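Model, not experiment: these values are computed from the prediction. By convention here, the first residue in the shown sequence is residue 1.
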Amino acid sequence: MPNNTIKLSDFKMDARCDALRDAIVFGLEESTPLAQYCNKKVLAKDATTFSFKRLIAPKLDKSDSAYKNGLAEGKNPVPGKLAKVEQTVGVQRWAAAYEFTQSFWEHSYANAEDEIRVSLKSQAVQYINEKQADAFLSSTNVVTGIDFGDVSDFLQLANILMVNGAKKIDGYYVLLLHPSVYSKICIDFMDKVSHTSEREAPVKGEIGYFMGFRMIPVALQAFQPTGNAYPFAAFGTSSDGETFPVTTVSYDGDANGAADVNGQVRLIVKDFGTVKNDDYTNQTGAMSIEFAGTNTVVVDDSVLVNGTSEISSLENPSKFDPSKLSNLTGNAENPSGVAPELTTVKVKDGSTQTFKVYKADGTLWTTGASVTSSDSAVATAAFGSSDGIVTVTGKKPGLCYVVVSKTADPTHAALVTVEVTGPEKA
C-alpha cells in the first residue's frame, strides 16, 4: 500500500509541503556543534548584505594629573572618543537538493517525506558546520609555532586572549582542535591530571578543562591537517562578556521557529520528468530547500586566535572505508541485505566471541558473504560460511571494526565495532 496518497505535482500546493520545509529549517543552526559559540542574526527581507560594528574604548592615560590627583577645580575633562570599526559583508544564496524515483515516492517501505527531510537537513547541517568552522579559522589574529605537547604554549594562548580583553566563557576560554590532537593531549598529560578531582576522565578519553581552556574536538573538513599541521582556534567573548567572535546570519527563521519569516526560505518541488533531459519515461523527481541569504563571519578578531599545531609523532587514526556505507544511507530500493545480530562486540585479549549474520529475509548467510578487520593487530575475524557465524579473536587491547559484506558486491556492507580489553586473569 503506497504511503503517499498525494501526487508529487500537487505536493507543493499542499500543507505538507510547508510542514516539510519547516521541519528541515526549524532548529537547523542550533544542531551544529559550534552553534553555541556563534551569535545569531536574522536578516531583514531582501537584504543582500550584513553590516556590523565594534566599538573600542580609548586607552586610559594614567600619566594625566586628573587620573593621579583628581580633576582640578575649573578644569574640564578631556573628551574620549570611541574607536569604531565598521564592516559590511555580503550574504550568499544556498540550496540542497534530493533526487528520487517515482517508485520510491509511491512504494518506498520507509516514509518518503521523512527520508527527504533527513537528507536535505543533513546537507544543510554539513554546510552550516563547515561555514562556522571556516569562520573560526579565518581570524587575522594568528599565532605560529604552537605545540600542544608543551604546557607553556597553552599559557601563551591564554595570555594572548587575556591581554586582548577576551572574557572567559563560564570560567574558561574555548579551544577547538582536531580529534587526533585532542587524543594526543589526553595521552601526554594524563599523569598531570591523574591526581585531581577528575582523575578518571583521561581513562575515559576525556580532557574537559585544562590550563584555562575547555577543549572541544572538531571532526570537520576545516580542521583536517595539512601534513602535520593541525588547525586550531582559541577564543573567548568580547569585552562585554556577551558577544562571541563569530556571527551567523541567515533567513532561517524567527524566534518562534517559523521558517518562512520573510518568504526567503523555499521548498522547491520538481515533478517527475522535469529534472533530467533524458528522463523519457518521467521517472525522476526532486525536492530542494533554498535559503535566500546566509553567511558566517568573524566580527571580533581580537578575541579569536587561530593557527596550526605541529605534532610530528601523531598518526592519523584509521578510517572506515566510505564506499562500504551503503547500508547506512540506502533506502528500501537499495538495502545492504547484510544484517549482523549486533553492532558491538566486546572480547578479551586472547579470547574469542561470535555473532550471527542474517539476510534480509531472516535466514543466515551461509555463502556469499565475507568479513574483514580494520586492524588485524587488535582483532581478527573469520566467517564460518557453513553456519553464518563470525568468530572474532582479540589480539591486543584497543578498538577496531569488522566489515561484513556481500562477496559479490562489497559496497553492500555492515559495520560491527570491536572492543578488545585486557586478557583473562589466570
Side-chain angles (χ1 to χ4, degrees), residues 25 27-59 79-96 123-143 160-161 164-167 169 174 176 218 220-223 231 233-256 258-266 289-307:
V25 176
L28 180 60
E29 290 175 347
E30 287 72 17
S31 63
T32 61
L34 301 181
Q36 61 180 314
Y37 299 117
C38 294
N39 311 306
K40 180 70 174 298
K41 173 73 174 179
V42 178
L43 294 174
K45 184 177 180 179
D46 298 328
T48 58
T49 61
F50 163 65
S51 298
F52 61 90
K53 62 183 177 181
R54 181 158 56 92
L55 302 178
I56 304 174
K59 184 178 180 181
K81 185 177 181 180
L82 287 173
K84 183 169 62 174
V85 179
E86 295 187 4
Q87 187 172 350
T88 299
V89 297
V91 294
Q92 304 161 345
R93 300 178 73 88
W94 183 82
Q123 293 179 65
V125 166
Q126 184 180 32
Y127 171 81
I128 294 171
N129 265 330
E130 293 296 341
K131 278 289 187 179
Q132 291 174 347
D134 287 344
F136 276 102
L137 294 174
S138 64
S139 169
T140 58
N141 197 4
V142 179
V143 63
I160 291 172
L161 292 171
N164 283 352
K167 300 297 183 182
I169 303 170
V174 177
L176 309 177
V218 183
L220 296 172
Q221 292 183 43
F223 282 83
F235 61 92
T237 63
S238 296
S239 56
D240 59 11
E242 298 178 356
T243 306
F244 293 113
V246 168
T247 292
T248 294
V249 293
S250 71
Y251 294 112
D252 78 324
D254 62 13
N256 298 317
D260 200 22
V261 58
N262 290 313
Q264 301 289 351
V265 178
R266 297 189 300 159
I289 188 81
E290 181 191 39
F291 298 84
T294 180
N295 207 349
T296 302
V297 296
V298 177
V299 295
D300 191 348
D301 284 289
S302 67
V303 297
L304 173 59
V305 180
N306 63 47

Visitor: Checking Q92 now: which residues fulfil side chain to side chain contact (heavy atoms under 4.5 Å, CB included) with it, not counting sequence neighbours?
Guide: Y127, K131, N295

Visitor: Which heavy atom of P245 sits nearest a heavy atom of G236, and at what distance?
Guide: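 Scanning both residues, the minimum pair turns out to be CD-O, 3.3 Å.
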
Visitor: Can you name the nearest heavy-atom pair linking A222 to D134, along with the distance?
Guide: CB-OD1, 3.4 Å

Visitor: Report the C-alpha distance between V297 and V249 in whole Å, list the side-chain angles of each, state the deciding distance to 0.1 Å, and finish with yes or no for side-chain contact (heavy atoms from CB on, under 4.5 Å).
Guide: CA-CA 8 Å; V297 296; V249 293; 5.7 Å; no

Visitor: Judged by atom type as modelled, is there a donor-acceptor pair below 3.5 Å linking the side chain of E130 to the main-chain atoms of Q221?
Guide: yes

Visitor: Minimum heavy-atom separation for A133 to L220, with atom names?
Guide: CB-CD1, 3.8 Å

Visitor: Any donor-acceptor pair under 3.5 Å linking the side chain of T248 with the backbone of C38?
Guide: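 Here the side-chain-to-backbone pair does not exist.
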
Visitor: Between A135 and V298, which heavy-atom pair has the shortest distance, and what is it?
Guide: O-CG2, 3.1 Å

Visitor: Do N306 and V142 touch side chain to side chain, with heavy atoms closer than 4.5 Å?
Guide: yes

Visitor: Under the rule for side chain to side chain contact (heavy atoms under 4.5 Å, CB included), what residues qualify as partners of A234, not counting sequence neighbours?
Guide: L157, L161, L175, F213

Visitor: Locate the shortest heavy-atom distance separating N141 from L304; write the atom from each residue and the value.
Guide: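 Looks like CB-O, 3.2 Å.
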
Visitor: Does F235 have any ring-ring contact (aromatic ring centres under 6.0 Å, His included) partners at least two apart in sequence or in another chain, and if so, which?
Guide: Y37, F136

Visitor: Can you measure from OG1 (T237) to CG (D300) and round to the nearest 0.5 angstrom?
Guide: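 Answer for the OG1-CG pair, T237 versus D300, is 9.0 Å.
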
Visitor: Any chance you could measure Q132, atom CD, to L137, atom CG, to the nearest 0.5 Å?
Guide: 12.0 Å

Visitor: Taking all non-hydrogen atoms of both residues into account, name the closest pair between A233 and F223 and its distance.
Guide: N-CE2, 4.3 Å

